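Inspection log for the structure reproduced underneath, given as structure tokens.
Just so we're clear, the structure is a prediction, and the values are computed from it rather than from any experiment. Residues: numbered from 1 along the sequence shown.
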Amino acid sequence: MSYAKVLCVGLVGVTGHVVEVEADLAPGLPAVAISGLPDTALHEARDRVRAAIVNSGQRWPNRRITLNLLPATLPKFGSAFDLAIAVALLGGSGELPLLPLERVVVLGELGLDGTVRPVRGVLPMVAAAARAGLHRVVVPVGNAAEAAVIPGVRVRAVDTLHRMVGFVRDGTPLIEPPGPAPADGPDGPDLSEVAGQALGRRALEVAAAGGHHLALFGPPGAGKTMLAERLPSILPELDDDAALEVTALHSIAGLLPAGGRLLRRPPFQAPHHTATVASLVGGGSGLARPGAVSLAHRGVLFLDEAPEFGKGALEALRQPLEHGRVQLARSRGGTEYPARTQLVLAANPCPCARPAGDAYCECAPLVRRRYLGRLSGPLLDRIDVQVTLPPLRAAELMEAGVTGESSTTVAARVAAARRAAADRWAGSGWRVNAEVPGPWLRRPPWRLPERDTRELRGRLDSGSLSARGFDRVVRMAWTIADLDGRDRPHADDVREALQLRLGDGA
């Protein structure tokens with residue numbers, strides 16, 4: 001037999017596609033040709049596969065070898081095709097009977113000594129195989145726990161090419177995936193550790209309940225970073241669909257923790273202010289990798305010292321915040337990643353970071369305006385909640401025995417508010433109030449009475465509030481009503497939402 005075919009899966013973004021790895025061995029000058037839009041890593045596979053086959057005790061076929069990856073129009077990236085290529089070559093040379101691999105997906109990278117190494121993106125690859133009706137997969141032993149997360153798929157693992165050959169030729173059993181990983185340890189920082197800042201705590205709760213973006217301004221030590229870091233602790237755990245999305249993105253980025261379990265906690269990403277555009281929204285040569293905004297999907301993206309970020313990096317976030325996804329165009333094709341995240345910005349009032357009016361402040365008024373002016377109007381217009389935190393008083397910081405509500409208490413209210421919103425928007429595909437389109441809330445039966453929106457309309461007519469800001473205030477009003485257990489907002493809810501939008505909470 002001079003022809004063989006083995007199934008594999010390739011990734012384009014977060015979407016997997018079944019790929020047929022064909023091997024044809026013909027008489028002629030020994031050579032290896034790879035077709036089917038391979039990238040550099042795949043072109044180098046010929047050397048890895050040859051060394052792995054020889055060092056595993058198998059015979060390398062000295063013939064003219066053509067490897068083709070179908071569909072040929074789909075770009076192929078990475079080293080996950082190595083094991084499938086090696087098995088196809090051995091099958092085409094007559095060394096292996098490939099009947100045991102009928103409708104079996106084979107994934108894995110090969111080392112020169114024949115070891116099968118783990119690869120990125122196994123979770124979305126196995127999910128793609130299951131959608132295609134392929135329910136048996138062979139993966140590297142390092143990816144076995146991750147692959148076993150997908151229900152209805154029989155996963156087996158290999159650690160060496162020699163073991164794979166033994167399975168195909170002699171029926172030697174492969175490695176079973178490990179059992180479920182232990183549950184997560186204790187939660188992270190708790191909201192009860194934040195001293196004072198009733199306004200900041202209320203803003204955080206409203207943002208969590210409605211999925212709203214949040215900006216925290218104020219002097220150093222006011223609690224901006226502490227509040228932002230505790231936002232994930234009051235968010236509900238991810239459901240099955242969201243957990244699969246988030247885990248798949250972290251699998252592609254190679255950031256899954258040991259054990260390969262589904263990520264149930266909302267992710268938290270806090271990139272340094274020197275982060276580039278590509279690191280924030282995604283990029284890289286060949287296959288564009290997900291950036292921080294996608295790795296924070298269904299979670300929190302925290303930009304501390306936001307004015308210190310590059311202008312281009314901040315402005316690149318505007319489209320993902322509006323549409324909940326990132327579309328990256330490259331010469332070899334486009335890639336799309338989900339990016340439904342909550343953005344939290346934190347900023348000091350000026351470069352010297354002393355409270356306004358402090359006799360020691362070294363910044364002129366123009367310097368202060370320019371500093372916060374690095375956060376553009378169009379970006380801030382997409383931030384629902386914008387509050388300025390006052391400096392902490394000594395009584396708030398030092399009074400013993402006085403603590404705020406715990407994350408568990410606040411999380412219960414947030415979960416109830418999210419359930420109310422989910423019931424209201426059932427069937428529409430929206431999970432939280434922040435996702436509801438503005439025109440939807442301006443039409444019956446969701447349109448609020450004029451008496452409840454009189455002040456809000458005045459702000460819009462005077463130009464102090466944009467049309468986008470109008471819609472975001474209305475969404476926050478619905479969230480506040482959900483937190484208070486009412487089925488519709490009234491004038492006080494709209495007023496509080498407007499105050500949270502304008503930043504003073506007065």
Identify the two heavy atoms, one from [X] and one from [Y], that lie closest to each other, and give their separation to 0.1 Å.
| X | Y | result |
| --- | --- | --- |
| Q342 | A207 | NE2-O, 2.9 Å |
| Q58 | V165 | NE2-CG1, 3.9 Å |
| V326 | V281 | CG1-O, 3.2 Å |
| L280 | P271 | CD2-CG, 3.6 Å |
| A306 | L375 | CB-CD2, 3.8 Å |
| L107 | L83 | O-CD2, 3.7 Å |

Exercise for review: Given side chain to side chain contact (heavy atoms under 4.5 Å, CB included), test L7 with L101 step by step and report yes or no.
Suggested key: CA-CA 8 Å; L7 298 179; L101 294 182; over 6 Å; no
Review point. Taking NZ, NE, NH1 and NH2 as the nitrogens, is one of them in K224 or E305 under 4.0 Å from a carboxylate oxygen of the other?
Key: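 Here K224 does not pair with E305 in a salt bridge, since their nearest N and O are not under 4.0 Å apart.
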Check your understanding: Is R472 paired with E322 through a side-chain N to carboxylate O contact shorter than 4.0 Å?
Key -> yes
Review point. Looking at residues at least two apart in the chain, or sitting in another chain, which of them share a salt bridge (charged side-chain N to carboxylate O under 4.0 Å, His left out) with R131?
Key: none
Heavy-atom distance under 4.5 Å between the side chains of [X] and [Y], does that happen here?
| X | Y | result |
| --- | --- | --- |
| V206 | L500 | yes |
| L314 | L303 | yes |
| V194 | L191 | yes |
| E109 | P118 | no |
| V6 | L98 | yes |
| I150 | L244 | yes |
| V385 | L204 | no |
| L295 | L255 | yes |

For the residue pair [X] and [Y], confirm or rule out a side-chain donor-acceptor distance under 3.5 Å.
| X | Y | result |
| --- | --- | --- |
| S35 | N68 | yes |
| S192 | E405 | no |
| H162 | T160 | no |
| S407 | S233 | yes |

Exercise for review: Might you work through the side chain to side chain contact (heavy atoms under 4.5 Å, CB included) test for C8 and V106, ending with a clear yes or no?
Suggested key: CA-CA 5 Å; C8 193; V106 178; 5.9 Å; no
Nearest 0.5 Å please: distance from the [atom1] atom of [X] over to the [atom2] atom of [Y].
| X | Y | atom1 | atom2 | value |
| --- | --- | --- | --- | --- |
| L380 | H213 | CG | NE2 | 12.0 Å |
| Y337 | R289 | OH | CZ | 6.5 Å |
| L345 | L343 | CG | CG | 4.5 Å |
| L263 | R261 | CG | CZ | 7.5 Å |
| L89 | R50 | CG | CZ | 11.0 Å |
| E205 | L483 | CD | CG | 5.0 Å |

Examine distances only and state if a side-chain atom of [X] and a backbone atom of [Y] form a donor-acceptor pair shorter than 3.5 Å.
| X | Y | value |
| --- | --- | --- |
| K5 | A88 | no |
| H323 | R325 | no |
| Q269 | V300 | no |
| R265 | L238 | no |
| H250 | V246 | yes |
| D190 | E193 | no |
| N143 | V139 | no |
| H17 | G10 | no |
| S279 | A275 | no |
| S56 | I53 | no |

Inter- and intrachain pairs under salt bridge (charged side-chain N to carboxylate O under 4.0 Å, His left out), touching [range], at least two apart:
| range | result |
| --- | --- |
| residues 135-162 | R156-E176, D159-R163 |
| residues 79-92 | R48-D82 |
| residues 232-245 | D239-R431, D240-R264, E245-R298 |
| residues 115-127 | none |

Practice item. Run through L67, I85, V49 and flag the one making a side-chain contact (heavy atoms from CB on, under 4.5 Å) with V32. Key: L67
Exercise for review: Check the pair F268, L301 against side chain to side chain contact (heavy atoms under 4.5 Å, CB included), reporting the backbone distance first and the verdict last.
Suggested key: CA-CA 6 Å; F268 181 81; L301 175 63; over 6 Å; no
Check your understanding: Are there more than 12 heavy atoms of other residues, nucleotides or ligands under 6.0 Å from atom CZ of R64?
Key -> no
Review point. In this structure, are over 12 heavy atoms from other groups packed under 6.0 Å from W446 atom CH2?
Key: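 For W446, atom CH2 is crowded (more than 12 foreign heavy atoms under 6.0 Å).
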Practice item. Could you tell me which residues satisfy side chain to side chain contact (heavy atoms under 4.5 Å, CB included) with S428, sequence neighbours excluded, listed by chain and number? Key: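 Scan of S428 (side chain to side chain contact (heavy atoms under 4.5 Å, CB included), adjacent residues dropped) gives W425, W430.
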Point to revise | Worked check of side chain to side chain contact (heavy atoms under 4.5 Å, CB included) between V14 and L249 | key: CA-CA 7 Å; V14 76; L249 286 165; 4.2 Å; yes
Exercise for review: For salt bridge (charged side-chain N to carboxylate O under 4.0 Å, His left out), just list the numbers for R418 and D482, CA-CA rounded to whole Å, side-chain angles, deciding distance to a tenth of an Å, and then say yes or no.
Suggested key: CA-CA 8 Å; R418 287 206 171 197; D482 290 336; over 6 Å; no
